Undergrad: 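Here's a structure for you.
Every heavy atom of this structure was used, including side-chain atoms; hydrogens, water molecules and symmetry mates were not. Chain letters run A, B, ... following the sequence lines, proteins first, then strands; residues in each count from 1. Because the structure is predicted, anything quoted here is derived from the model rather than measured.
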There are 2 protein chains.
Amino acid sequence: MPTITSPLSDRAIDPVEAVSLEESGLSELEIEVIDLFVGAARLFGFPKSVAQIYGLLFLAPEPLPLDEITSRLQISKGSASQGLKFLRSVSAIKPVFVPGDRRDHFRAVAELKQLVSGFIKEELEPHIETGTVRLERLRSLLPQETADPSISEHLATRVERLENWHGKAKKVLPLVGKLLG
Amino acid sequence: MPTITSPLSDRAIDPVEAVSLEESGLSELEIEVIDLFVGAARLFGFPKSVAQIYGLLFLAPEPLPLDEITSRLQISKGSASQGLKFLRSVSAIKPVFVPGDRRDHFRAVAELKQLVSGFIKEELEPHIETGTVRLERLRSLLPQETADPSISEHLATRVERLENWHGKAKKVLPLVGKLLG
DNA sequence: TAAAATGTTCATTTTTTATTGAACGCATTG
DNA sequence: CAATGCGTTCAATAAAAAATGAACATTTTA
């Protein structure tokens with residue numbers, strides 16, 4: 001297992017990758033910014049391609065269409081399409097109509113608040129909702145009595161703790177977005 | 001690409017896995033709680049084994065040693081050792097001395113505030129620190145002038161935006177821990 | 001002090017996840 | 001209405017991450 005100190009271990013900046021990007025016509029600034037996003041994305045569990053696309057759009061002075069993304073980042077049409085789809089789904093990018101061009105163009109949403117809110121709403125909240133059902137089920141599985149009564153007591157306490165966490169998450173998550181206003 | 005709708009797609013509960021756990025002598029409640037943690041862990045990018053260990057300890061009335069963890073969860077000694085190491089590193093578990101037993105025993109830290117703080121401190125803050133250096137580098141890469149001056153202007157704005165995000169993260173992250181008090 | 005117990009490490013294997021690219025649908029255009 | 005452009009989908013492949021297990025170091029016990 002190459003996980004060195006933790007499952008979320010740091011990664012060194014890969015010079016090989018940097019070069020391969022450079023050869024495809026990206027500026028040094030673009031390479032650096034994209035790499036920054038790729039690193040951050042890893043932390044949050046996003047695929048590299050998604051981070052690359054967002055990084056490219058973040059810096060681009062004009063909205064870009066899919067085929068420019070594929071050629072500049074040297075990724076496949078499939079990856080780009082999927083990445084854009086995801087970024088749209090969390091409202092991290094917006095489609096922009098460009099007159100006289102049939103292709104869809106996209107710009108990055110650069111407001112932290114919007115980015116975080118979009119992610120919370122689309123990725124986190126759904127999970128929290130399903131949590132409600134699962135907690136009910138947990139409660140139903142609590143043993144009414146055990147050989148040592150302190151054990152069933154302890155188990156009940158733990159389920160209560162989970163319910164407590166769930167409530168906190170429900171309360172705090174929407175608040176986080178506002179904190180970044 | 002089996003990523004269906006998003007890179008953080010939901011996963012169905014795998015009945016096969018549930019059975020394999022059940023056969024190893026875990027109660028239905030334990031299976032359910034562990035599965036809950038495994039699901040949540042995926043969201044945060046933790047390995048399954050880490051979530052399983054934490055879940056088991058979370059419910060356990062008494063601290064458990066490594067070999068009981070391996071036998072109850074049916075995971076290898078290596079996985080358990082690494083998982084415990086990580087959980088210790090983020091202060092999600094604590095070693096407990098058990099008289100008359102040479103083995104290290106561990107209990108789960110069940111305070112949300114502590115869990116979140118530990119994770120922020122050990123996993124997030126280090127990244128934020130390296131960010132400072134990288135941002136300085138970005139600034140140095142900004143072109144002094146471009147063919148169209150509005151472009152260099154735009155790029156400067158973007159780097160400022162990143163600095164802005166960085167500052168917000170530095171301010172808000174420590175605050176999140178306190179929000180959960 | 002030899003044997004057993006405990007826990008870590010890390011090369012190898014397995015599993016999971018992401019990327020690719022060809023096939024397809026649909027709209028536009030010549 | 002054939003040909004071309006644009007974008008999506010998905011089976012196959014590649015890449016990345018995690019789990020395994022054997023070797024090892026250390027401590028304890030007999």
Undergrad: Atom CZ of B:Arg103 and atom C1' of D:dT29: how far apart are they, to the nearest Å?
TA: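 B:Arg103 atom CZ is separated from D:dT29 atom C1' by 16 Å.
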Undergrad: Could you measure the distance from the NE2 atom of B:His166 to the CD atom of B:Glu160? Nearest 0.5 Å is fine.
TA: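 Between atom NE2 of B:His166 and atom CD of B:Glu160 there are 15.5 Å.
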Undergrad: Does the side chain of B:Arg42 get closer than 4.0 angstrom to OP1 or OP2 of C:dT17 through an N or O atom?
TA: yes
Undergrad: State whether B:Arg137 and A:Glu28 are salt-bridged, where the test is any N-O pair (Lys NZ or Arg NE/NH1/NH2 against Asp/Glu carboxylate O) under 4.0 Å.
TA: yes
Undergrad: Please state how far atom CD1 in B:Ile69 lies from atom P in C:dT6, giving the value in whole angstrom units.
TA: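 Between P of C:dT6 and CD1 of B:Ile69: 14 Å.
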Undergrad: For D:dT9, take OP1 and OP2 only and decide whether either is under 4.0 Å from a side-chain N or O of A:Lys85.
TA: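 For D:dT9, OP1/OP2 do have a side-chain N/O of A:Lys85 under 4.0 Å.
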Undergrad: Nearest-Å distance, CG (B:Leu87) to P (C:dT8)?
TA: 12 Å
Undergrad: Can you find a donor-acceptor N/O pair under 3.5 angstrom joining the side chain of B:Lys77 to the base of C:dG7?
TA: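 Yes, a donor-acceptor pair under 3.5 Å.
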Undergrad: Parallel, tilted or perpendicular: which describes the rings of B:Phe86 and B:Phe46, with under 30° parallel and over 60° perpendicular?
TA: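 Answer is tilted, since the angle falls between 30° and 60°.
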Undergrad: CG of B:Asp101 versus C1' of D:dT28: gap in Å, rounded?
TA: 13 Å
Undergrad: Nearest of C:dT8, C:dT28, C:dT9 to any side-chain atom of B:Arg88?
TA: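 The nucleotide sitting nearest to the side chain is C:dT8.
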Undergrad: Please report, rounded to the nearest Å, how far the C1' atom of C:dT20 is from the CG atom of A:Asp67.
TA: 17 Å
Undergrad: Between P on D:dT8 and CZ on A:Arg102, what's the gap in Å once rounded to a whole number?
TA: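 Interatomic distance, CZ of A:Arg102 to P of D:dT8: 13 Å.
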Undergrad: Taking only N and O in the side chain of B:Ser79, is any of them less than 4.0 Å away from OP1 or OP2 of D:dT20?
TA: yes
Undergrad: For a quick test of your reading: what N or O donor-acceptor pairs under 3.5 Å do the side chains of residues 93-111 of chain B make, sequence neighbours left out?
TA:
from     : atom 1 : to       : atom 2 : distance (Å)
B:Asp101 : OD1    : B:Arg103 : N      : 3.0
B:Asp101 : OD1    : B:Arg103 : NE     : 3.0
B:Asp101 : OD2    : B:Arg103 : NE     : 3.3
B:Asp101 : OD2    : B:Arg103 : NH2    : 2.7
B:Asp101 : OD2    : B:His105 : NE2    : 3.2
B:Arg103 : NH1    : B:Asp67  : OD1    : 3.0
B:Arg103 : NH1    : B:Asp67  : OD2    : 3.1
B:His105 : ND1    : B:Pro63  : O      : 3.4
B:Glu111 : OE1    : B:Gln114 : NE2    : 3.2

